[in-house]
Peer 1: 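Have a look at this one.
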Amino acid sequence: MKYYLVAGEASGDLHGANLMKALKAEDANAEFRYFGGDKMQAQGGDLVKHYADMAFMGFTEVVLNLRTIFKNLRACKDDVLAYQPDVIILIDFPGFNLKIAEFAKFNNIKVCYYISPKVWAWNQKRVLKIKKIVDHLFCILPFEVDFYKTWGMKVDYVGNPLLDEIAVFKANTGFRIENKLSDKPIVALLPGSRKQEIDRLLPVMLGVTANFPEHQFVIAAAPTFGANYYQQFIGNKDVMLVFNQTYNLLHEAHAAVVASGTATLETALFNVPQVVVYKGGAISIAIARLLVKIRFISLVNLIVDRKIVTELIQEDCSVQKVTEELQQITSGTGRQQMLEDYKQLHELMGDAGASERTAKLIVSYIN
């Protein structure tokens with residue numbers, strides 16, 4: 001079969017690569033063409049466009065880059081038509097991918113959507129459109145099945161691909177020595193992978209370091225930026241950087257301060273107590289507060305449907321408040337409670353094998 005995949009972010013590239021590997025196990029003659037990244041490219045096939053040229057964050061940035069976005073959409077549509085795949089597999093990235101789904105459906109190309117759009121967060125009526133343009137939807141968050149059911153849509157819960165990544169992770173026993181880290185307990189800083197996130201969050205994260213002399217702080221750096229970029233924030237602070245070693249860092253971490261996003265779930269799955277932080281542009285946040293209809297922003301709290309981790313958003317994301325919360329989970333009473341609460345999260349998430357389950361379903365649906 002000929003498979004066309006569209007991933008527009010680093011996480012989509014990772015999940016796309018794992019899905020491609022699983023599809024090859026199900027379909028020995030699988031052919032791939034895709035919008036994605038280096039990890040997908042390592043699985044073979046033809047990379048049409050790299051996600052680095054596609055990911056724009058927030059309402060304001062999207063508006064400022066509309067010309068590029070429309071150009072990418074046109075290029076994708078033209079390429080899909082030229083390739084004539086047996087199925088198009090869309091991975092998250094809903095602003096772009098729902099438009100591609102509509103186009104593919106109009107041109108009688110079967111549409112599978114892996115990692116469903118987060119329509120439960122705002123404008124839930126988009127489900128009605130998804131029902132029309134997506135043939136098969138694969139969800140990775142347990143509560144999504146019931147959500148879509150209330151709208152009369154049957155979906156497949158395949159488990160979460162992060163569980164797959166963690167299941168195959170082998171800890172580097174020499175991590176501390178190789179990165180010149182001491183025996184002090186580690187506080188991991190995960191400021192995100194986008195420049196806007198890092199610019200806004202890292203100064204706050206670094207501002208708390210002086211209040212924890214008994215800990216060492218280590219930044220999980222995004223591979224798209226060099227050490228010099230991070231050094232401008234670090235200055236003369238005794239803070240270390242690690243690249244492409246986030247799981248090893250979480251494996252060793254005593255606690256963490258984490259930008260809202262997938263990393264909050266990864267941190268919890270590694271059983272690391274955390275403080276979740278987020279800061280956006282003033283206009284983007286104002287619009288989001290009008291539109292978004294969810295109680296929480298972190299996946300951890302959303303999945304268990306109650307507050308497990310503290311979320312410090314916008315004006316609450318300050319050095320003082322992050323310090324107070326971090327004290328609670330490094331040595332305070334909140335630490336043991338959070339570790340206990342994580343057990344419920346693990347139960348709800350289920351087992352590894354999302355990529356394999358999704359691949360089997362896709363092959364069965366298109367044959």
Side-chain angles (χ1 to χ4, degrees), residues 2-20 23 32-37 39-40 45-59 61-62 65-66 68-141 144 147-148 153 155-156 158 161 194 261-262 354-355 358-359 361-362 365-366:
K2 293 165 68 176
Y3 302 87
Y4 200 107
L5 296 90
V6 184
E9 298 171 294
S11 60
D13 178 38
L14 171 65
H15 302 324
N18 288 334
L19 181 58
M20 288 167 68
L23 283 167
F32 299 107
R33 193 168 174 84
Y34 45 88
F35 277 42
K39 289 182 170 64
M40 292 172 73
D46 299 313
L47 174 67
V48 181
K49 183 171 285 289
H50 200 285
Y51 71 79
D53 301 322
M54 298 171 64
F56 301 106
M57 178 189 176
F59 297 99
E61 193 189 359
V62 167
N65 290 279
L66 277 175
T68 301
I69 292 167
F70 285 129
K71 184 179 177 183
N72 289 339
L73 276 167
R74 183 74 264 161
C76 186
K77 290 175 181 178
D78 290 345
D79 200 61
V80 167
L81 275 188
Y83 188 60
Q84 284 296 303
D86 293 292
V87 61
I88 188 162
I89 303 170
L90 306 170
I91 304 170
D92 204 358
F93 204 49
F96 189 94
N97 274 339
L98 286 176
K99 292 179 176 62
I100 297 301
E102 188 172 23
F103 172 82
K105 190 69 175 175
F106 180 78
N107 286 279
N108 297 311
I109 298 169
K110 193 173 287 288
V111 178
C112 286
Y113 208 119
Y114 181 41
I115 307 178
S116 79
K118 297 174 181 63
V119 290
W120 36 264
W122 67 283
N123 193 9
Q124 295 183 354
K125 287 185 178 178
R126 286 180 295 169
V127 176
L128 299 174
K129 182 174 183 179
I130 291 171
K131 285 173 69 175
K132 293 178 181 177
I133 62 176
V134 173
D135 295 298
H136 300 285
L137 187 64
F138 307 101
C139 296
I140 64 167
L141 298 172
E144 291 178 325
F147 166 76
Y148 281 104
M153 185 174 180
V155 300
D156 291 296
V158 293
R194 298 182 178 101
T262 305
S355 303
T358 305
L361 286 168
I362 289 173
Y365 287 147
I366 62 177

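Please read all numbers here as calculations on a predicted model, not as lab measurements.
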Peer 1: Measure across A75 and F35 and return the closest heavy-atom pair with its distance rounded to 0.1 Å.
Peer 2: C-CZ, 4.3 Å
Peer 1: Measuring only between side-chain heavy atoms, which start at C-beta, is I89 closer than 4.5 Å to L23?
Peer 2: yes
Peer 1: Run the side chain to side chain contact (heavy atoms under 4.5 Å, CB included) test against K2 and tell me which residues pass, sequence neighbours left out.
Peer 2: E31, Y83, D86
Peer 1: Could you pull out the closest heavy-atom pair between A7 and M40, with the gap in Å?
Peer 2: CB-SD, 4.0 Å
Peer 1: Is there side-chain contact between N18 and K39, with at least one heavy-atom pair below 4.5 Å?
Peer 2: no
Peer 1: Can you tell me if K99 has over 12 outside heavy atoms packed within less than 6.0 Å of its NZ?
Peer 2: no
Peer 1: Do the non-hydrogen side-chain atoms of P117 and L137 ever get within less than 4.5 Å of each other?
Peer 2: yes
Peer 1: Just verifying a value: how many Å separate I88 CD1 and I100 CD1, rounded to the nearest 0.5 Å?
Peer 2: 6.0 Å
Peer 1: Answer yes or no: is there a donor N or O on one side and an acceptor on the other, between the side chain of D156 and the main chain of H136, under 3.5 Å?
Peer 2: no
Peer 1: Decide yes or no for L5 and M20: does some side-chain heavy atom of the first lie under 4.5 Å from some side-chain heavy atom of the second?
Peer 2: yes
Peer 1: Which atoms form the tightest heavy-atom contact between D92 and Y113, and what is the distance?
Peer 2: O-OH, 2.5 Å
Peer 1: What's the spacing between L73 CG and D78 CG if we round to 0.5 Å?
Peer 2: 10.5 Å
Peer 1: Just do the side chain to side chain contact (heavy atoms under 4.5 Å, CB included) check on E144 and V155 with the steps written out, would you?
Peer 2: CA-CA 9 Å; E144 291 178 325; V155 300; 5.9 Å; no
Peer 1: Could you tell me whether the side chain of K105 reaches within less than 4.5 Å of the side chain of D135, counting heavy atoms only?
Peer 2: yes
Peer 1: Which pair of heavy atoms, one from V111 and one from A104, lies closest together, and at what distance?
Peer 2: CG2-CB, 3.7 Å
Peer 1: Taking the side chain as C-beta and beyond, is there a heavy-atom pair between F96 and L90 under 4.5 Å?
Peer 2: no
Peer 1: Please work out which of the three classes, parallel, tilted or perpendicular, describes the rings of Y114 and H15, given edges at 30° and 60°.
Peer 2: perpendicular
Peer 1: When rounded to the nearest 0.5 angstrom, what is the spacing between OH in Y365 and SG in C112?
Peer 2: 8.5 Å
Peer 1: If we only count heavy atoms from C-beta on, is the F147 to L141 side-chain gap below 4.5 Å?
Peer 2: no
Peer 1: Please check if the side chain of D46 supplies one atom and the backbone of R33 the other of a donor-acceptor pair under 3.5 Å.
Peer 2: no
Peer 1: Closest heavy-atom contact between A101 and V134?
Peer 2: CB-CG2, 4.3 Å
Peer 1: For a 4.5 angstrom cut-off between non-hydrogen side-chain atoms, does Y4 reach I109?
Peer 2: no
Peer 1: Would you sort out whether C76 and F103 count as a side chain to side chain contact (heavy atoms under 4.5 Å, CB included), showing the intermediate values?
Peer 2: CA-CA 10 Å; C76 186; F103 172 82; over 6 Å; no
